[in-house]
Amino acid sequence: MVRSSCVRTTAVEGKKTMVSTEEDRYFSPEPTQRQVARRLYERVKNLSLVCPHGHVDPRLLATSQYEWGTPVDVLIIPDHYIFRMFYAQGIALEALGIPRKDGAAVEKDHRKIWQTVCDHWYLFRGTPTSLWLREELRSTFGIEKKLNSANAQSIYDEILEQLQRPEFQPRALFERFRIEVLATTDAATSDLKDHQRIRASDWSGRVIPTFRPDAVVNIQAGFAEQIQQLSYVSGISVVDYTSYIAALEQRRRFFKEIGAKATDHAALTAHTEQISKHEADAIFQRALQGTADQEDVRRFTGHMLIEMARMSVEDGLVMQLHVGSFRDHNPALFTDYGRDMGADIPTASEFTRNLKPLLDLFGRERDLTLILFNLDETTYSRELAPLAGHYPALRLGPPWWFFDSALGMRRFLDAVSETAGIYNLAGFNDDTRAYPSIPARHELWRRVCADWLAGQVVHNIIDEDDADEMIVDLSYRLAKQAYKLEA
């Protein structure tokens, strides 16, 4: 729906002023910049979506028929951005239907859960969660109304009815969203059966896996069991460091055969360190026995990041590194609900010294693409932009997690562009588990980039011809290039 401009009388000046329409959302109120932003956005609003990193469950797309469940199943229970805010306000996760590890009772009435969410939706005013869901309701479900207590049940009914239509099947949405390629994130020990089912079907959508080895690389509780699983799926008996490396290389080959273009690694810090095979095997054996200490954990993760970079040079898989999240900060929540329950907190990070051992070996390799993501904004201009502006192997991923927001995107572009330019960036990825929210995430990025570039134009930093190229690059081309998705 196209909205007309509205006229507002200001109380202070007592005169009529033109205010932005909803179609100008996230654009500057300054008329010249807003006009340029509108034109730039028009260039990219209908471009295909390139989704090189995210966490959509491939089961959604493995068959032509999928049962969505209720609006709560789709929009609330999978979204830790939503329930972490409620937890912060003292609302029990049981009241939102979040499953407990011990199987204890939680709310099963999804209409009641939805009502609770809408009764408290004001908590999200001014947050990216509010913007994403507003965009999602509008663009995916055609719902223009704001969530509130009064209309909660009618909106629930509208969403529920649409989820049951053929055109809301995941494959139909894939085409409606104009998704060119969608990458999932898959454990190194996954058999990728859903991906194989997609490939064997007569559906033409491009869905590819991403190799995520954290559970078999970052030493933690259950590491020995994960290594047993690695042995099973690789067909290699993993008994020492040498057989361990062979099994990881086998898994990477398998993922590549199924279409993978990238790997993904999470670490608390960017620490890298090359240790001898003898030392690595000693730590590996202690890890299997459950006797590895925190120094072992730190050194082994740092060493394996270098090993993964070596493997990427050899097999061509793009390497992603996400740094700076203190996972499961709330031990009581972890005990009751498990991992990824909204209790992850950003930490301070350092890259210049920590990444140097890896970069000394591979930073000049044009066969390596290492995309860095971070949760410490102070590193953007101080470290990340200078590093990416120098080393051929490095690219910077978009603002991640807590900073995947309109203001976070602007701060990121301001901080890195002068030193790294935009051509050492990896474009945009939606990094979402919520499949229907994918267009909303790209919409926000494209609008923010259009307005940011318009600001560069009106300040005579770039001209409009440059801006025309840059908006397409930021919205589409950079991601395809960084993740080697042209083929």
Worksheet item: Parallel under 30°, tilted from 30 to 60°, perpendicular over 60°: which one fits the rings of Phe141 and Phe168?
Response: parallel

Worksheet item: Should the pair Phe83 and His80 be assigned to parallel (<30°), tilted (30 to 60°) or perpendicular (>60°) ring geometry?
Response: perpendicular

Worksheet entry | For Thr335, side chain to side chain contact (heavy atoms under 4.5 Å, CB included) partners two or more places apart |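 Checked Thr335 against side chain to side chain contact (heavy atoms under 4.5 Å, CB included); zero matches.
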
Discussion item. I'd like to check the side chain to side chain contact (heavy atoms under 4.5 Å, CB included) partners of Ala450; sequence neighbours left out, ordered by chain and number.
Written reply: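 Testing Ala450 for side chain to side chain contact (heavy atoms under 4.5 Å, CB included), a comparison that skips the adjacent residues, returns Phe27, Leu40, Tyr41, Ile471.
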
Measure across [X] and [Y] and return the closest heavy-atom pair with its distance rounded to 0.1 Å.
X: Asn424; Y: Ala388; result: CG-O, 3.4 Å
X: Ser349; Y: Asp376; result: N-OD2, 2.9 Å
X: His195; Y: Pro58; result: NE2-CB, 3.8 Å
X: Pro29; Y: Arg34; result: O-NH1, 3.0 Å

Establish, from distance only, whether the side-chain atoms of [X] and [Y] form a donor-acceptor pair under 3.5 Å.
X: Thr352; Y: Glu383; result: yes
X: Tyr156; Y: Gln115; result: no
X: Asp451; Y: Tyr26; result: no
X: Asp430; Y: Thr432; result: no
X: Asn218; Y: Thr301; result: yes

Any side-chain heavy atom of [X] sitting closer than 4.5 Å to one from [Y]?
X: Leu47; Y: Val472; result: yes
X: Thr263; Y: Val318; result: no
X: Ser139; Y: Phe177; result: no
X: Glu22; Y: Arg138; result: yes
X: Phe124; Y: Tyr122; result: no
X: Leu375; Y: Val323; result: no
X: Asp57; Y: Thr184; result: no
X: Thr379; Y: Glu350; result: no

Strictly distance-based, threshold 3.5 Å: is any side-chain N or O of [X] a donor or acceptor partner for the main-chain N or O of [Y]?
X: Glu30; Y: Thr32; answer: yes
X: Gln169; Y: Ala172; answer: no
X: Asp214; Y: Ala266; answer: yes
X: Asp404; Y: Trp400; answer: no
X: Thr140; Y: Pro436; answer: yes
X: Arg395; Y: Ala426; answer: no
X: Gln196; Y: Asp191; answer: yes
X: His459; Y: Gly455; answer: yes
X: Thr127; Y: Ser130; answer: yes
X: Asp79; Y: Ile76; answer: no

[X] with [Y]: basic N within carboxylate O range, under 4.0 Å:
X: Arg38; Y: Glu42; value: no
X: Glu167; Y: Arg176; value: no
X: Arg441; Y: Asp431; value: no
X: Asp157; Y: Arg111; value: yes
X: Asp414; Y: Arg411; value: no
X: Glu180; Y: Arg206; value: no
X: Arg39; Y: Glu464; value: yes
X: Glu443; Y: Arg446; value: no
X: Arg212; Y: Asp186; value: no

Discussion item. As a quick check of understanding, evaluate side-chain contact (heavy atoms from CB on, under 4.5 Å) for Thr185 and His53, giving each step before the final call.
Written reply: CA-CA 7 Å; Thr185 303; His53 172 69; 4.0 Å; yes

Worksheet item: Looking at Phe211, does the NZ or CZ of Lys261 lie under 6.0 angstrom from its six-membered ring centre and within 45 degrees of the ring axis?
Response: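 The answer is no, since Lys261 fails at least one limit relative to Phe211.
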
Worksheet item: Does Arg410 make a cation-pi contact with Trp452, if we ask for NZ or CZ under 6.0 Å from the ring centre and within 45° of the axis?
Response: no

Item to complete: Begin from the C-alpha positions of Cys449 and Leu413 and carry the test side-chain contact (heavy atoms from CB on, under 4.5 Å) through to its verdict.
Response: CA-CA 8 Å; Cys449 286; Leu413 292 167; 4.2 Å; yes

Worksheet item: Should Glu94 and Tyr337 be marked as a side-chain contact (heavy atoms from CB on, under 4.5 Å) after you check the CA-CA gap, both sets of side-chain angles, and the distance that decides it?
Response: CA-CA 10 Å; Glu94 290 90 341; Tyr337 294 94; 2.8 Å; yes

Fill in: Residues Gln481, Tyr423; criterion side-chain hydrogen bond (donor to acceptor under 3.5 Å, both in side chains); working and verdict
CA-CA 10 Å; Gln481 294 165 1; Tyr423 294 98; over 6 Å; no

Worksheet item: What residue pairs, at least two apart or across chains, pass salt bridge (Lys or Arg N to Asp or Glu O under 4.0 Å) with a residue in residues 332-347?
Response: Arg100-Asp336, Arg327-Asp344, Asp328-Arg339

Gap between atom [atom2] of [Y] and atom [atom1] of [X] - 0.5 Å precision:
X: Ser417; Y: Gln456; atom1: OG; atom2: CD; value: 5.5 Å
X: Ile258; Y: Ile208; atom1: CD1; atom2: CD1; value: 12.0 Å
X: Asn151; Y: Asn148; atom1: CG; atom2: CG; value: 3.5 Å

Discussion item. Would you say the rings of Phe373 and Phe403 are close, in the sense that their centroids are separated by under 6.0 Å?
Written reply: no

Please check if the number of heavy atoms outside [X] that lie under 6.0 Å from its [atom1] is greater than 12.
X: Lys146; atom1: NZ; result: no
X: Gln220; atom1: CD; result: yes
X: Arg165; atom1: CZ; result: yes

Item to complete: Start with the C-alpha distance between Ser64 and Arg171, add both sets of side-chain angles, then the distance that settles side-chain contact (heavy atoms from CB on, under 4.5 Å), and finish with yes or no.
Response: CA-CA 7 Å; Ser64 59; Arg171 289 184 177 183; 4.1 Å; yes

Worksheet entry | Test applied, ring pair (Phe, Tyr, Trp, His ring centres under 6.0 Å); reference residue, Trp445; option that passes from Phe428, Tyr476, Phe412 | Phe428

Worksheet item: Applying the side-chain contact (heavy atoms from CB on, under 4.5 Å) test to Leu182, which of Leu49, Val50, Leu61 qualifies?
Response: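 With Leu182 as partner, side-chain contact (heavy atoms from CB on, under 4.5 Å) holds for just one option, Leu61.
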
